[in-house]
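Worksheet: the structure to be examined is printed underneath.
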Amino acid sequence: MFKILFRQIGSYKKDAVLTPVFVVLEVVMEVLIPLMMAAIIDYGLAAQNLSAVCGLGIIMIVMAMLALFFGVESGKTASSASSGFAMNLREAMYEKIQNFSFSNIDRFSTAGLVTRMTTDVSNVQQAFQMSIRICVRAPIMLISAMVMTFFIHPGFAGIFLVVIICLALVLALISSKANPTLRKVFRRYDALNARVQENVNGIREVKSFVQEENETTRFEDESSQIRTLFVSAEKLLALNAPVMQFCIYTCILLISWMGAKMIISDTLTEGQLMSMFTYVINILTSLMMVSMTFVSLIMSRASGERIAEVLTEEADLYSVPHAVTEMFDGSVDFDHVSFAYPSNPQKAVLHDVDLHIQSGETIGILGATGSGKSTFAMLIARLYDVTNGEIRVGDVPVKDYDLNCLRDNVAMVLQKNVLFSGTIKDNLCWGNEDASDEEMVRVCRLAQADEFIREFPKGYDTYIERGGVNVSGGQKQRLCIARALLKKPKILILDDSTSAVDTKTESRINQALKEELPDTTKIIIAQRISSVRNADRILLFHDGALEDVGTHDELLKRSPIYMEIYESQTREGIDDENKE
C-alpha cells in the first residue's frame with residue numbers, strides 16, 4: 001500500500017525530503033539549549049561570573065532563533081508536500097476512474113469513489129504531513145533527549161526506557177482492535193454518501209410524494225450506525241490519553257525523587273537537574289506527539305488501503321496492442337453472442353443472438369423491460385465485453401478496435417440523458433470540440449432542437465444548469481441527439497431517447513435522420529411501435545433472446561408477441577382520442 005501511495009508524491013519529493021532535514025536541525029538546536037541553560041547556572045550564576053552568563057546567554061538566544069527558523073521552514077515544506085501529495089492522489093484516482101469500464105465502477109459504487117476522493121484523501125493528507133514532520137521530530141527528539149539524560153545519569157535513561165516499552169505495548173493493542181472498526185466506518189460512509197446522492201438527484205420525486213420525513217429518518221439511521229461504530233473505535237483510541245498521562249506523571253515523580261537524592265549526595269548539580277527536567281519535558285512531549293500521530297495513522301491506514309484499491313484496480317476493458325484505428329463502414333455482426341453481467345455471471349441477459357446489420361440500415365428494436373434491448377446496444381460500443389460469441393463492426397471484431405476509435409464512431413444517446421453545466425454550445429461540443437456554429441445549427445435542426453433553442457434569449461449561449469434542470473425532458477433529449485450527431489458517427493444508437501418527445505416531433509427526427517444520414521447505421525430502441533414502424537427491419541427481443549426479425553408488416557403477420565404489442569398500443573391510442 002505504502003509504495004502505491006508514495007509514488008504519487010511526484011514533484012513534491014523535494015519538499016518531502018527538506019521537511020525532515022529542517023526538523024532534524026530544529027531538534028538539534030532544542031537539544032543543545034538545555035545544555036546552555038545548565039552551563040549558565042553552573043558556570044555563570046553559581047560562580048557569579050557575569051561575562052559567562054552573557055556569553056552563554058547570547059549563544060542560547062542564537063540557538064533559539066535558529067530553532068524558530070527551522071521550525072517555520074519545516075512547517076512550510078510539510079504543508080506544500082502534503083497538499084501536493086493529496087492533489088496528486090486525487091488526480092491519479094480521477095484519471096484511473098476515467099479509464100474504468102462500467103463493471104469496474106459497479107464494483108466500487110459511485111458513492112464509494114466519491115468518499116475515497118474526498119474523506120479518505122483528507123485523512124491520508126493529514127497523516128502524511130504528520131509523518132514527515134512529527135513522526136520525524138518525535139523519535140529524534142526522544143532518542144536525543146534520552147542520550148543526553150544517559151550522559152547526565154544512566155539511571156534516568158532506564159526510567160524512560162521502561163516507560164516507552166510499556167507505552168508501545170499499549171498502543172499496539174489499541175491499533176489491533178481499532179483498525180477493523182474504522183474500516184467498517186468508512187464502508188458506512190459510502191452508504192451514507194450514496195443515500196445523499198440518491199436523495200439530492202431525486203429531490204423532485206421526494207417532494208412530489210411527500211417523503212421528506214421518511215428520507216430524513218433513513219438518513220438518521222445511516223448516521224446513527226456511523227456514530228455507533230465511531231464510538232466503538234473512539235473508546236479504544238481514548239485509552240491513549242490516560243495511559244500517556246500516567247506515564248508522564250510517573251516519570252516526573254521518579255525523576256524528582258531520584259534527583260533530590262542525588263543533589264543531597266552531591267552526585268548531581270542544580271544545573272544538571274534543571275536541564276534534566278527540560279529533557280523530561282522534551283521526552284514526554286515527544287511521547288505525546290508519537291501517541292497523537294499513532295492515532296492519526298490508525299485512522300488513515302484504512303483510508304490509504306481504500307485509495308490503493310482504486311489505484312491498483314485494472315480496467316476490464318482496454319485497447320489491444322496495434323489496435324485498429326479506422327472504421328470503414330457501419331455494418332454490425334452478432335455471431336452467436338451471449339452475455340451476463342459480471343456482478344451476476346450465472347444469469348444470462350442475452351442468449352445466442354445471431355444477426356447481420358448492413359451499413360446504413362435503420363434498425364428498430366422492441367421488447368419488454370428487461371428483455372436485453374439496451375444491453376444489445378451497449379455491446380456494440382464495447383461498454384461491456386461479450387461472455388460468448390463475437391461482435392464485429394465494419395467486419396472487424398470490436399475487441400480489435402482502439403477504444404477511442406470505436407466509441408467515436410458509435411454514438412449513443414442513452415435512456416438517461418445527461419447534460420453538464422455550461423452553455424448549450426459547451427454541451428454540443430462534447431460531440432466535436434472543433435465544430436463550427438454552422439455545424440451545430442445543422443445537427444440541431446436534424447434533432448428538431450434549433451427552434452426551441454432560438455426561443456431562448458441567449459440562443460446557443462443559454463446556460464444549462466447542472467443536470468439540465470432548466471430545460472424540459474424532451475428538450476434535453478433533442479440536445480443529446482444533436483450532440484451525438486456532431487460526432488458524425490458510422491453507427492447511431494438511440495436508446496429510448498425520444499420517449500419525452502411528442503410523436504409528431506419524433507417522426508420529424510426519424511425522417512431527418514433517414515434523409516440526411518443515409519450511410520449511417522441507425523439503431524432505434526423504443527417502447528412505441530410508432531417510433532420504429534418505418535425502420536428497414538425491427539428486432540423483437542423477449543427474455544434476452546432475439547425472438548423475431550422483420551419489417552412492420554411481416555411481424556404483424558407472423559409474430560403473436562408483436563401483434564399483441566401493436567393491438568395494445570393501438571387500443572390505447574383510440575382510448576386517448578376518445579377522451580380528448
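The residues of the chain are indexed from 1 along the displayed sequence.
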Mind checking side chain to side chain contact (heavy atoms under 4.5 Å, CB included) for [X] and listing every partner two or more places apart, or none if nothing turns up?
| X | value |
| --- | --- |
| E516 | R442, L446 |
| R218 | R195, E215 |
| A348 | H351 |
| A484 | A411, V413, L492 |

So, for [X] and [Y], which heavy atoms are closest and what is the spacing to 0.1 Å?
| X | Y | result |
| --- | --- | --- |
| G367 | K373 | O-NZ, 3.1 Å |
| C444 | Y460 | CB-OH, 3.4 Å |
| L366 | Y562 | CD1-CE1, 3.5 Å |
| H356 | S331 | CE1-CB, 4.4 Å |
| T520 | P489 | OG1-O, 3.2 Å |
| A526 | V532 | CB-CG1, 4.0 Å |

Handout entry: Validation row: V443, I481 side chains within 4.5 angstrom (heavy atoms)
Key =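 Side-chain contact under 4.5 Å: no.
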
Practice task
Would you mind reporting whether F376 and L546 have side-chain heavy atoms less than 4.5 Å apart?
Solution key: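 When only atoms from C-beta onward are counted, F376 and L546 do not touch, as no gap falls below 4.5 Å.
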
Problem - ring pair (Phe, Tyr, Trp, His ring centres under 6.0 Å) partners of residues 425-450, not counting sequence neighbours, each pair once - result: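 Every pair satisfying ring pair (Phe, Tyr, Trp, His ring centres under 6.0 Å) with a residue in residues 425-450: F420-W430.
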
Handout entry: Other residues, nucleotides, ligands: >12 heavy atoms within 6.0 Å of E465 CD
Key =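 Yes.
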
Handout entry: Pairs flagged by side chain to side chain donor-acceptor pair (under 3.5 Å) wherever residues 115-125 is involved - sequence neighbours left out
Key =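 Qualifying pairs, neighbours excluded: T115-D190, T115-N193, R116-E309, D120-S303, D120-R306, N123-S303.
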
With sequence neighbours excluded, residues passing side chain to side chain donor-acceptor pair (under 3.5 Å) with [X]:
| X | value |
| --- | --- |
| Q475 | S472 |
| E547 | none |
| R7 | none |
| R454 | D450 |

Exercise for the section: Could you walk me through whether S507 and N510 pass the side chain to side chain donor-acceptor pair (under 3.5 Å) test, one step at a time? Expected result: CA-CA 5 Å; S507 176; N510 290 338; over 6 Å; no

Problem - Test item: S224 side-chain N/O and E220 main-chain N/O as donor-acceptor pair under 3.5 Å - result: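 Between the backbone of E220 and the side chain of S224 there is no qualifying donor-acceptor contact (under 3.5 Å).
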
Exercise for the section: Quick one: list whatever passes ring pair (Phe, Tyr, Trp, His ring centres under 6.0 Å) with Y384, sequence neighbours left out. Expected result: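 So Y384 forms a ring pair (Phe, Tyr, Trp, His ring centres under 6.0 Å) with F102, F339, Y341.
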
Exercise for the section: Could you point out which residue of L494, V410, I365, T362 forms a side chain to side chain contact (heavy atoms under 4.5 Å, CB included) with I523? Expected result: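 Only match with I523 under side chain to side chain contact (heavy atoms under 4.5 Å, CB included): I365.
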
Problem - Charged N-O contact under 4.0 Å between K96 and E313 - result: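 No, this pair does not count.
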
Handout entry: All pairs passing salt bridge (charged side-chain N to carboxylate O under 4.0 Å, His left out) where residues 478-507 contributes a residue, at least two apart
Key =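 Those involving residues 478-507 are E439-K488, E506-R528.
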
